[in-house]
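Working notes for the structure below.
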Amino acid sequence: MQRNGIFVGSFDPFTIGHDNIVRRALPLFDKLVIGVVGDNVNKQYLQPAEERMKTIAQLYAHEPRVEVKPFYGLAVDFAKANNARFIVKGVRSVKDYEYELQQADINREIGGIDTLLLTAEPQLASISSTLVRELAHFNQDISRFLPTQDK
């Protein structure tokens, strides 16, 4: 039986922190599906969902175990649709942990899907998409926070 996991988020933008979680989770799974949250009219994105998906797919073009798909709705439904028994989440702080623990409990209760929490590496713990978007808004160079093929 294939071990599939999902990693879902808006990934706006997909940062070196996200990339680190994917690369650390990959050895645990036969396939990891990255679910990119579709456009939400209540949120202003740097890039539309299609562009975010394309960027992530290009990053993992040479990794056959990674698949990038659009994601709408509940993570447990996305997991089931992709034959995944696990949701992968990254946590940077106690605040993240508390939020993700509640989500993990609910996802297990309503869908029987377990959550794997990977803690951020210390040098990446302060990097968030929100902060990177803010830097971009003020015309700062954000390239050091974005993964490249060689990282």
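Here the structure is a predicted model, which means the values were calculated and not measured. Hydrogens, waters and symmetry mates play no part in the numbers below; they use all other heavy atoms, side chains included.
Taking the side chain as every heavy atom from C-beta outward, Phe7 and His18 approach each other to under 4.5 Å. No side-chain heavy atom of Phe11 sits less than 4.5 Å from a side-chain heavy atom of Thr55. When side chains are defined from C-beta on, Asn4 does not count as touching Asn82, because their heavy atoms never get closer than 4.5 Å. Contact of the Leu26 side chain with the Glu63 side chain is registered, since non-hydrogen atoms from C-beta on lie closer than 4.5 Å. Gln103 places none of its side-chain heavy atoms less than 4.5 Å from the side chain of Thr115. Side chains of Gln47 and Lys54 form no contact here, defined as non-hydrogen atoms less than 4.5 Å apart. Contact annotation: the side chain of Pro70 never approaches that of Val36 to less than 4.5 Å [non-hydrogen atoms, C-beta and beyond].
To the nearest 0.5 angstrom, Ile34 atom CD1 is 10.0 Å from Glu67 atom CD. Taking CZ of Arg133 as the start and NE2 of His137 as the end, the distance is 12.0 Å to the nearest 0.5 Å. Ile6 CD1 to Lys89 NZ: the interatomic distance, rounded to the nearest 0.5 Å, is 8.5 Å. Taken to the nearest 0.5 Å, the OH atom of Tyr99 stands 13.0 Å off from the OG atom of Ser93. Distance check: Glu121 CD to Ile127 CD1 gives 10.5 Å after rounding to the nearest 0.5 Å. To the nearest 0.5 Å, atom CG of residue Leu131 and atom CD of residue Gln140 are 13.0 Å apart.
Ala120 approaches Ala125 most closely through the heavy-atom pair CB-CA, 4.0 Å. Taking each heavy atom of Ala49 and Gly38 in turn, the nearest pair found is CB-CA, 3.9 Å. Counting all heavy atoms, side chain and backbone alike, Ala25 lies closest to Val88 at CB-CG1, 4.0 Å. Here the closest heavy-atom approach between residue Val8 and residue Phe78 is recorded as CG1-CD2, 3.7 Å. Closest heavy-atom contact between Arg52 and Ser10: NH1-O, 2.7 Å.
In this structure, Leu74 is not a member of the same hydrophobic cluster as Leu101, with clusters built from ILVMFWY side-chain heavy atoms closer than 4.5 Å. Under the 4.5 Å side-chain heavy-atom criterion for Ile, Leu, Val, Met, Phe, Trp and Tyr, Leu28 and Ile21 are members of the same hydrophobic cluster. Under a hydrophobic-cluster definition in which Ile, Leu, Val, Met, Phe, Trp and Tyr are linked whenever side-chain heavy atoms come within less than 4.5 Å, directly or via other members, Leu135 and Leu46 are assigned to different clusters. Leu124 and Leu146 fall within a single hydrophobic cluster, where Ile, Leu, Val, Met, Phe, Trp and Tyr side chains are chained together by heavy-atom contacts under 4.5 Å. By the rule that hydrophobic residues join a cluster once side-chain heavy atoms approach within less than 4.5 Å of another member, Leu59 and Leu118 end up as members of one cluster.
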ask   = Going through the checks in order, is the side chain to side chain contact (heavy atoms under 4.5 Å, CB included) test met by Val68 and Phe14?
value = CA-CA 12 Å; Val68 182; Phe14 191 83; over 6 Å; no
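Within a 6.0 Å sphere centred on CZ of Arg85, other residues, nucleotides and ligands contribute 12 heavy atoms or fewer. Heavy-atom contacts from other residues, nucleotides or ligands closer than 6.0 Å to CD of Gln123 number more than 12.
At a cut-off of 3.5 Å, with distance as the only test, a side-chain donor of Asp19 or Tyr60 sits close to an acceptor on the other residue. Using a 3.5 Å distance cut-off with no hydrogens or angles, the side chains of Gln2 and Asn83 do not pair a donor with an acceptor.
The pair Asp114-Arg108 meets the salt-bridge criterion, with a side-chain N (NZ, NE, NH1 or NH2) lying under 4.0 Å from an Asp/Glu carboxylate O.
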